[in-house]
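Residue numbers start from 1 in every chain, and the chains themselves are labelled A, B, ... in the order their sequence lines are given, proteins ahead of strands. For the numbers below, each heavy atom of this structure counts, side chains included, while hydrogens, waters and symmetry mates do not.
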Number of protein chains: 2
Amino acid sequence: MAAGTKGEDTRSTVLGSALSLATQLGLEGVTIGKLAEHVGMSKSGLFAHFASKENLQLAILDEAAARFVALVVAPALKKPRGEPRVRALVDNWLAWSKQDFMPGGCIFVVAGVELDDRPGPARDRLVASQKDWLSTLAGAARIAVEEKHFRKDLDTEQLAHEMYSIAIGYHFLRRIGDPARAERRARTAFERLWTDARAT
Amino acid sequence: MAAGTKGEDTRSTVLGSALSLATQLGLEGVTIGKLAEHVGMSKSGLFAHFASKENLQLAILDEAAARFVALVVAPALKKPRGEPRVRALVDNWLAWSKQDFMPGGCIFVVAGVELDDRPGPARDRLVASQKDWLSTLAGAARIAVEEKHFRKDLDTEQLAHEMYSIAIGYHFLRRIGDPARAERRARTAFERLWTDARAT
DNA sequence: TGACTTTACGCACGATCGTTCTATTTTAGG
DNA sequence: CCTAAAATAGAACGATCGTGCGTAAAGTCA
């Protein structure tokens, strides 16, 4: 646990709990009362750290984005350019939605459904992060084209769109049926995607 | 508007509003007070129709399932067996999530994210409806194999999984970026899927 | 039309919501 | 150690939540 002043530490702890709760109850479902009870603080003591519920929600999204970069994007950037890096991104991505600190599944999916028709800073931040992620995926694919791992006329944005779809489908279907089977199907879908991307 | 007793009529009207609200605010976000104000009734008068909030949520899901069958499944069953029917299912499906009575997008996506970690009758009903839909998709694909439109060794359940993923991805991505572009990408993805299903 | 059932309303309840105050405790630095 | 600052707690607010109860209005059918 990263050390800092007392306030920073508790804020960080609270955000961890808040993130977990948000995946199960949604951003709106994370009430100050429930969160306070969950971390063993008073409502007002906890509230002082965020000044408003909207700020709390923004902080949750920022925390999630930071963890996503640390757990999914950054490690993949250490892999060789091209298809290996694309595969690493996807591997880390599939592992991401199974993280212990997100018992309700990927926070971005939960927040996406909740915020998509609720204009405001929270929605703006979420949309920005997802656009960013999509362009990261497309960028990795473009590099794979440069490295001649993928064919020259590949529509990298279309590929990013389809990878995004498979991942979101995985997130849903693993909760409807057998999770292991859903993961196998998702991986099969990715392989078919990449096979097609390689073909001349 | 289907006529019936007074009670049935208002109940039906209320359910329509409730369904719309649920797509924007989630099932939990449809409070008795907001819904009553929305249809111009008193809280208690409206509440009498459903006896509990959980019953209201179940009624919303049933209403949605009935409309889904009427708007997506039934019309497609009139199309010729095989690939035409598969395509009709997908066409209707894409139109479904743009219906005016669902301003917040497909209710099943919203409810899915909300209920997936909340055991109970509502979740059970939703999971059942989605499994049902998946097997309808797989069944249509299997018929297409029988009709020799799709290749004999096609994994129809895998195909259903991937179609489901593309549709859910479309639902998300149309709200992040340009909806028309998202639809074009989704349709491209479907075509690639079917091209692969046809190939020997 | 009269009798009866269905439907809707008004009111109240305890609980919880987000938020604001003030007071108290705990931490950090000279 | 002492003190200024930071962190937490307690209590209260108006609002809204889901849900009952008793009553008035509206619909239904002989």
Side-chain angles (χ1 to χ4, degrees), chain A residues 1-19 21-22 24-61 63 110-111 114-115 118-123, chain B residues 1-19 21-22 24-61 63 110-111 114-115 118-123:
Chain A
M1 168 142 344
T5 75
K6 181 80 192 312
E8 284 167 351
D9 286 352
T10 46
R11 188 188 141 102
S12 169
T13 300
V14 168
L15 272 182
S17 283
L19 176 54
L21 268 183
Q24 301 182 279
L25 308 172
L27 285 176
E28 213 64 40
V30 180
T31 67
I32 314 289
K34 272 186 282 206
L35 183 54
E37 188 187 15
H38 209 263
V39 299
M41 283 183 67
S42 66
K43 272 175 63 177
S44 52
L46 186 148
F47 185 81
H49 282 276
F50 302 97
S52 80
K53 188 174 186 182
E54 185 173 52
N55 272 330
L56 170 61
Q57 296 179 342
L58 292 174
I60 292 175
L61 290 176
E63 173 75 14
V110 175
E114 202 175 347
L115 297 173
R118 226 168 295 181
R123 192 196 111 103
Chain B
M1 167 142 345
T5 75
K6 180 82 193 314
E8 283 167 353
D9 286 353
T10 45
R11 188 190 141 101
S12 168
T13 301
V14 168
L15 272 181
S17 282
L19 176 54
L21 269 182
Q24 300 183 282
L25 308 171
L27 286 177
E28 212 65 40
V30 181
T31 67
I32 314 288
K34 271 186 285 211
L35 183 54
E37 188 186 16
H38 210 262
V39 299
M41 283 184 65
S42 67
K43 272 175 63 178
S44 50
L46 187 149
F47 184 80
H49 282 276
F50 302 97
S52 81
K53 188 176 186 182
E54 184 173 50
N55 272 331
L56 170 61
Q57 296 180 342
L58 292 175
I60 292 175
L61 290 177
E63 173 74 15
V110 175
E114 202 175 347
L115 296 173
R118 226 170 295 183
R123 193 197 111 103

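The shortest side-chain heavy-atom distance between A:R118 and B:Q24 does not fall under the 4.5 Å cut-off. Side-chain contact between A:L15 and A:F50: present, with at least one pair of heavy atoms (C-beta onward) separated by less than 4.5 Å. Side-chain contact check for A:I32 versus A:L56: some heavy-atom pair is nearer than 4.5 Å.
Side-chain atoms of B:T13 come within 3.5 Å of backbone atoms of B:D9 as a donor-acceptor pair (strictly under, hydrogens ignored). Here the side chain of B:E37 pairs no donor or acceptor atom with the backbone of B:K34 at under 3.5 angstrom. Counting only distance, with no hydrogens or angles, the side chain of B:E114 and the backbone of B:L27 share a donor-acceptor pair below 3.5 Å. Panel note: side chain A:K43, backbone A:L35; no donor-acceptor pair is recorded below 3.5 Å.
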Where do N or O atoms of nucleotides 25-30 of chain C meet protein N or O atoms at under 3.5 Å, pair by pair?
none

What pairs of nitrogen or oxygen atoms, one from the protein and one from nucleotides 15-23 of chain D, lie under 3.5 Å apart?
residue, atom, partner, partner atom, Å
D:dC17, OP1, B:T31, OG1, 2.7
D:dG18, OP1, B:K53, NZ, 2.8
D:dG18, OP2, B:I32, N, 3.0
D:dG18, N7, B:K43, NZ, 3.3
D:dG18, O6, B:K43, NZ, 3.4
D:dT19, OP2, B:K53, N, 2.6

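Summarising the local packing, NE2 of B:H49 is surrounded by more than 12 heavy atoms from other residues, nucleotides or ligands at distances under 6.0 Å.
Rounded to whole angstrom, the span from the CD atom of B:E8 across to the C1' atom of C:dA8 amounts to 17 Å. Whole-Å rounding puts the A:R11 CZ to D:dA6 P distance at 16 Å. In this structure, NE2 of A:H49 is placed 8 Å from C1' of D:dT8, rounded to the nearest angstrom.
Within the 4.0 Å cut-off from OP1 or OP2 of D:dT8, at least one side-chain nitrogen or oxygen of A:T10 is found.
In this structure, B:E63 CD and B:R11 CZ are separated by 9.0 Å, a value rounded to the nearest 0.5 Å. The distance from atom CD1 of B:I60 to atom OG of B:S17, rounded to the nearest 0.5 Å, is 10.5 Å. For the atom pair CD of A:E28 and CG of A:L115, the computed distance is 8.5 Å after rounding to the nearest 0.5 Å.
Comparing the local axis fitted to the first five base pairs of the helix from C:dT1-D:dA30 to C:dA28-D:dT3 with the one fitted to its last five gives a bend of 20°, rounded to 10°.
Contact annotation for B:A48: no contact, since no heavy-atom pair falls under 4.0 Å across all strands.
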